[in-house]
Amino acid sequence: MNTQEILLREKLSEHYASVFEKDLIDEIVDIGYCDKLKSGELLIDIDDEMTHIPLILRGAVKIIRQEKEGEELVLYYLEKGDTCAISFVNCINRKKSIFKGIVEKDVEAIFVPVGRIDDWLTKYRSWRYFIIDSYHERLLEMVESIDSHAFMSLDDRLQKYLATQVKITKDKNLVITHREIANDINSSRIVVSRLLKRLEIAGKIEIRRNKIIVKKI
DNA sequence: ACATTAAGTGATT
DNA sequence: AATCACTTAATGT
């Protein structure tokens, strides 16, 4: 076994050791490779063919649905231990992606080529459960996204957004503009600015240029 | 010093 | 809650 494989095995066991059985980990180490992506990079675009499945080790990916240029809807975020099971089905039936994935926080992931993953489904119980579980999680997150758009006030949505940003970046100092927030929660920059101002007066956040310090949400 | 981009404000729908 | 039409403030060249 070469050093690269040992390294990969180490990284894999950080978040997936308890999930996958030993033989499966051996196979992943065998054909997978590790890669890093910088924040802002495009992981997958609509109509792209899937060639690999990412097993996220650290960082976060924002998955969005996009209408014609501009109009977009944030569906959910992928974090460590996650994979996009939606992409998994695309791999099996060779359909093109219906989502867009942008790196929200620098990502390190193991990429598994699509070739073997079909067989693994019948071969490994842990893989089967992992995929089904992942699918279920994504569905719940999507429902939650729909719910918040349908039933929550913009103010609540904004606070929820700030909370998830803190969770994803693991940092209470968010480096983000009002414009970007407005985009993500489907509102206008002006309205977001005003709501943020109110949150600041309420003592929940602190506003700097290009930066928001979350104190208590 | 100047241009560019982010954020704040009042009025209007 | 969105949009317009501005102003003010911060930052890069």
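Below, chain A is the first sequence line, B the second, and so on; all start at residue 1.
- In this structure, the CZ atom of A:R208 is 13 Å from the P atom of B:dA7, given to the nearest Å.
- Of the residues in residues 187-200 of chain A, those lying under 4.0 Å from DNA chain C by heavy-atom distance are A:S187, A:S188, A:I190, A:V191, A:R194.
- A:V29 and A:E5 make their closest contact through CG1-O, 3.6 Å (heavy atoms, listed as atom of the first residue, atom of the second, distance).
- When the P atom of C:dA2 is taken as reference, atom CG of A:L158 falls 12 Å away, rounded to whole Å.
- Distance A:E71 CD to C:dA2 C1': 14 Å, rounded to the nearest Å.
- Of the side-chain N and O atoms in A:H178, none sit less than 4.0 angstrom from OP1 or OP2 of B:dT5.
- Atom-to-atom, CD of A:E180 to P of B:dT5 comes out at 14 Å; the value is rounded to the nearest Å.
- For a distance-only test at 3.5 Å, the side chain of A:R209 qualifies as a donor-acceptor partner of the base of B:dT5.
- A ring-centre distance under 6.0 Å is not found for A:F20 and A:Y124.
- Rounded to whole Å, the distance from CZ on A:R179 to C1' on B:dT5 is 12 Å.
- In this structure, A:L57 and A:K80 approach most closely via the heavy-atom pair O-CB, 3.2 Å.
- In this structure, A:H178 NE2 and A:R189 CZ are separated by 8.0 Å, a value rounded to the nearest 0.5 Å.
- Computed from coordinates, the A:M152 CE to C:dA1 C1' distance equals 16 Å when rounded to whole Å.
- Under 4.0 Å is where a charged nitrogen must lie from a carboxylate oxygen, and between A:E14 and A:K11 no such pair does.
- The heavy-atom pair separating A:F99 from A:R65 by the smallest distance is CE2-CD, 3.9 Å.
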